Amino acid sequence: MNAPIPAGAMRAPAEGRRTARHEGFLGHRRFFWAWVALLATAAAVLLYALDDPWPRPNGGTALGYALGTAGALLILWLSLLGLRKRRYTDGQWSLKAWVSAHVWLGLALGVIATLHTGFQFGWNVHTLAYGLMLLVILSGLLGVWLYARLPRRLSANRAETSERAMAATLAENDRALKEAARLLDDRSAALVEAAIRGPAVGPTLEQRLSGRVRRCATAAARARLDATDPALETVAALLGARAALLAQMRRHVQLKSTLQLWLLVHVPATVGLLAALLAHVVSVFFYW
Amino acid sequence: MAVDERLDVAIIGSGPAGLAAAARAARRGMRHLLLEKTDHLSDTVYRYQKGKHVMATPAQLLLRADVGFEPGAREAVLDRWNRDAAEVGIAIRLEAEVTSISGSRGAFVLGLAGGETILAAHVVLAIGTQGNPNLLRARGVGEPGMPIVQYTLDDPGEYVDSHIIVVGSGDAGIENALGLAADPVQGNHVTILNRSADFARAKDANVKALFAARDAGRLTVLTETSPNRLEPGHMVVDTRDGEARLRCDRVIARLGSAPPRAFVEQAGVAFASAAREAFPTLSPTYETSVPGLYIIGALAGYPLIKHCLNQGHDVIEFIAGNTELKPADEPILEQRLGGLSPARSVAEWIALFRREVSIFRHVSPLQMRELLLDARVRQFAPGETVFVKNDVGASLFAIAEGEVEVEIAAGPPRRTAIIETGSIVGEVGLISGRRRGATVRAHGPATLVELPRNAALRLIGTVPQARAEVDRITTTRLLLQIFQSGLSAEDLAPILASAEQQTVRAGERIIAEGDTDDSLVVIRRGSCVVEKELGGRQVFLNYLPAGSYFGEMAVIDGSRRTATVRAAIRSELLRLEGREFRALFETRPELRARMLADMAARRSLTAFIEQEKHRFGSAIDLYSETAAFLMENGIGEATDMLLIDERLCVGCDNCEKACADSHDGLSRLDREAGRTFAYLHVPTSCRHCEHPHCMTDCPPNAIQRGADGEVSINESCIGCGNCVRYCPYGVIRMDAPPPPKPGLLSWMLLGRGPGPGEPPKAWVKAERKARGEAEPAKKAVKCDMCAGKAGGPACVRACPTGAALRVSPEAFLALARGGA
Ligand SMILES: Cc1cc2nc3c(=O)[nH]c(=O)nc-3n(C[C@H](O)[C@H](O)[C@H](O)COP(=O)(O)OP(=O)(O)OC[C@H]3O[C@@H](n4cnc5c(N)ncnc54)[C@H](O)[C@@H]3O)c2cc1C
Ligand code: HEM
Ligand code: SF4
Ligand code: SF4
């Protein structure tokens, strides 16, 4: 009996379900999409340089049509990312690969569409579409830059807690503050009360992005309470802890909002672009 | 007590098992008494959460107890039992804790907590597995005039203006202390004592809340302090600086609970082995090694209520001398075995299995029946596949008729080996929780008994001879698999004869750098890390999973140990004598060649690290520290782990949303929670442990390892929450799926519904109300590695930046080295 079984078989893991290589979205598959984008851009530039249309390059030449069609299809595909990101279907896709292709091909689109215009601009729907596209691309670039810089700070600031834990700690601290404030004089108690009632993070977008809260009641209470009064020792310590926690929460919200802020340009501009693109295409074909 | 006061049977514990036994005894008119520790029947069921739906599985099993049982709310079940107990006329004694059992058939003496004794001819022990709280050991406990000592706290609001000391540093102690101190109006002075310096056993959130409460002055935390003695109105404690005297009216001791094994052993009952998971050794009539003492129910290894009830009925029948009792499972078994050829009766099949299969040889016919209830008997045509290499299946096959053929090499040339009648196959998946090592086919017609993991583990836990047999077969096969080189079982016999089994704790050193011993160590279970001292620091060299070996260098050339090996988690090892191996080298030069090749590969790794050390010293330190961090967070027992590279994570939580939307709307992952080191974050998500703790005590056996190695929970979950308590990583939640949401497009375009991801609780509540639906029963939910989903885990696929990754420990630690 006792048949030998091949070595290694015992622990052959299901590598197919694991991450084969660890790369960020920019370098996905050894910069595959960067190469594709570079080639596409180079081909477009080369064709444009070799092309000698009459009277001058514009969207209406054969090459112009080709570039325009490629550009429009690219825009449509780039816009589909919003759907892909939220349709969690089965299958061999990865959002990282999509974002990688999105970023690099989106940059290539900048060149392709610019060549498509033949550098003819004016105050019309065509240039509006082009301008909106540039806005989308530039905001996308901003996004990539933020995605590269902010995650480490987000991680470091969070320091192994979570949003939920921060909120729970704050609630706990506030309970203790209320408790301690019962023994204070009216003026001090009112200051503490105001500190607890004040907003934890900025209510407006501007305040969230700046990581500050205008007229922060906690800061005010700390400034106005007499730190040398021994009766206030506990309250002062609790307010100090509250201030430190608020600083962490505000920084957290600041970083998270910043990571999403650019999308508030990128996505509405995409919607505008799609509308302008439609107008551009319709007007070109029907009213030429 | 006079002789005529002796009972025919005393039944200890009024859970379903004890209750059914007492009911049967009452029906039969036996002199009986049901003894129950608490002031109500069936404490385990009593303590289920209010309104819990109690399930009645296995559905096919006929119930034949004298108390009724139907699936339904906890309250209905308990009501029914209370009614039936009264109707049948059970003699019950509540608040009667049995603290000692002595004697044997005809003359048992039971000692009760109050000092009273009870005499009985037979004893049925049905105390379940909950155990007793560990007692506070300090002088003065229980003496009059001293502070009151209690082990539970039902309502913290009950106490006012008292000095209360909570002893214990686990979650229960902390929660009690916080509860007592929560409302300052009660005016309690609460102190919590912890023998050690930190609260390592408790949940993070609890520890934080405790320290916050201390900082707020609501309670006192004393660490490195333990109770010494009680004095009227005081407790004297030992601190690092000597004794201190604390005001104390009441002590709440939350020191965990001791499994009932010690109590059972005190009565003289033998267990199958010293292993923690072992059960008492029982005869076909549930009799223990003590004549006249019977054990049934969860304590005997049968945790489902239906089993418990039937066993209660049967055990009394056996005691009353009914040897003709036909088991309740006869119809099920008839149906199970009916389709097989040739046609045989249930008894004939059982006799055949016990005669032919070595691991069943010492199994009683009754145990064999129980095994068959969980097992599947399958017949294979010649050449038919039993299982395929790399399948994950956690079942064990016993060959009852015919032979099977193991494919050693798919070829060409194809090589196979025959496994004969009576042996087992598939034990690897069982022992290490891993995939099938090779494809197995029937060699000629064959009849196999397939035992699911839990049934097989119960077999090993109850029948020592079966354990020894499985051990012998698996060890031989493991060695043959590791060393190959054309070795045969005969070659290994002398090595195995001198082999020594060893169990090591996590972190324990197995071999030390510089030592001169020369044994070769095989990891049977668990995993190890290899470290080397470089520049005064321990540098991480390698991770060794179960099924690998180390120490070969000393065996081959007698050199000193070049590295230190520690256990990453609790591991089982096999130490083989170097001498025996060198003897084998003479006859099997291929073995020596193979080990030399392995050795060369490992030496070059060591050399590489040593060389790099001077160039990238800090990178290698970082690598070592990262490895240590991951070990602390369970990578040592993981088969698959979700990690987040926080240099890339933008906090969009798309991973959680994808998880929720591809699994009934409930996310099985908490991205933010968890530890982080060097931007590597281990979120709260299942590690798919090699030996999953969560499987330890799942009554319906609902937790299984699936086809991709995932540990997942199926629909048979009864919502008991045991797995939540056993998982050390807090990754299982109890919840009910939310109602369906409007589609993605109607959310995007029309803003209907809560959008992607797990819907907020408020929406779920409102939606349920609008639909007029009640909340479905809560069940255990956890990561299933997206089993069955093409493309693999949704969390990883949905991460836009590549921050989320799934890794196996081997691959990841190697990857980290590449990146260092
Ligand atoms: C939360 C939860 C949910 C569950 N849900 C289900 C389900 O839906 N369906 C299902 O089939 N199973 C379920 N189970 C499993 C099932 O409840 C138990 O396995 C079953 O109750 C075991 O029955 P028992 O009679 O062996 O022991 P127990 O029910 O544990 O009863 C033991 C009794 O003995 C008493 N006792 C202990 N020591 C002593 C002593 N020294 N002296 C006197 N008395 C003593 C105890 O107080 C207790 O009343 C669940 C388990 C849990 C924990
Ligand atoms: C005209 C061209 C483009 C269009 C129409 C477009 C459109 C979109 C859309 C619809 C989204 C989905 C946003 C969401 O739903 O959350 C998106 C995301 C994104 N885009 Fe673009 N984009 C374009 C160009 C670019 C370029 C050039 C870059 C970078 C250089 C870029 C970078 C990104 C990034 C980083 C994301 C975020 C991915 C995520 O976090 O899920 N985009 N874009
Ligand atoms: S649920 Fe917990 S114990 Fe079970 S496999 Fe996952 S991490 Fe391990
Ligand atoms: S999907 Fe990726 S980037 Fe988004 S939160 Fe999860 S790990 Fe971070």
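In what follows, every chain begins at residue 1, and chains take the letters A, B, ... in the order their sequences are listed. Hydrogens, waters and symmetry mates play no part in the numbers below; they use all other heavy atoms, side chains included. As the structure is a prediction and not an experimental result, all values here were calculated from the model.
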List the steps and the verdict of side chain to side chain contact (heavy atoms under 4.5 Å, CB included) for A:L83 and B:M748.
CA-CA 9 Å; A:L83 267 184; B:M748 274 188 147; 3.7 Å; yes

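For the set A:K256, A:R87, A:E163, the entry with the most heavy-atom pairs within less than 4.5 Å of chain B is A:E163. Each of A:A176, A:S94, A:S155 has some count of heavy-atom pairs under 4.5 Å with chain B, and the biggest count is that of A:S155. With respect to chain B, the highest number of heavy-atom pairs below 4.5 Å among A:R84, A:R149, A:Q260, A:E179 belongs to A:E179. Of all the listed residues (A:A168, A:P151, A:A159, A:A97), the one sharing the greatest number of non-hydrogen pairs under 4.5 Å with chain B is A:P151. Most heavy-atom pairs under 4.5 Å with chain B, from the set A:H102, A:R158, A:R175, A:H28: that is A:R158. Interface check for chain A: of the options B:G755, B:C659, B:P756, B:S548, the most heavy-atom pairs under 4.5 Å are formed by B:P756.
A distance of 8.0 Å separates CZ of A:R152 from CG of B:L648, quoted to the nearest 0.5 Å. For the atom pair B:E672 CD and A:T161 OG1, the distance stands at 7.5 Å (nearest 0.5 Å). Within the model, atoms OG of B:S662 and CG of A:D90 stand 7.5 Å from one another, a figure rounded to the nearest 0.5 Å. Considering CZ of B:F211 and OG1 of A:T169, their distance stands at 13.5 Å, rounded to 0.5 Å. Here the CG atom belonging to A:L263 is positioned 10.0 Å from the SG atom belonging to B:C652, to the nearest 0.5 angstrom. The line from CG of A:L95 to SG of B:C655 is 11.0 Å long, rounded to the nearest 0.5 Å.
For B:R218 and A:E172, the salt-bridge test passes: some basic side-chain N is under 4.0 Å from an acidic carboxylate O. One finds a salt bridge joining B:D670 and A:R164 here, because a Lys/Arg side-chain nitrogen approaches an Asp/Glu carboxylate oxygen to under 4.0 Å. Note on B:R675 versus A:E160: salt bridge recorded, some NZ/NE/NH1/NH2 to OD/OE distance being below 4.0 Å.
Residue A:T89 touches chain B through its backbone alone, counting heavy-atom pairs closer than 4.5 Å. Using a 4.5 Å cut-off between heavy atoms, A:L146 makes no contact with chain B at all. Using a 4.5 Å cut-off between heavy atoms, B:L479 makes no contact with chain A at all. When heavy atoms are compared at a cutoff of 4.5 Å, B:A658 approaches chain A by way of both its backbone and its side chain. Heavy atoms closer than 4.5 Å to chain B are found nowhere in A:L150, neither backbone nor side chain.
No side-chain heavy atom of B:V650 sits under 4.5 Å from any side-chain heavy atom of A:L154. At a threshold of 4.5 Å between non-hydrogen side-chain atoms, the residues B:N654 and A:Y88 count as touching.
Scanning all heavy atoms of the two residues, the minimum distance from A:S162 to B:A673 falls at CB-N, 4.3 Å.
Residues satisfying the salt bridge (charged side-chain N to carboxylate O under 4.0 Å, His left out) test with B:R797, not counting sequence neighbours, are none.
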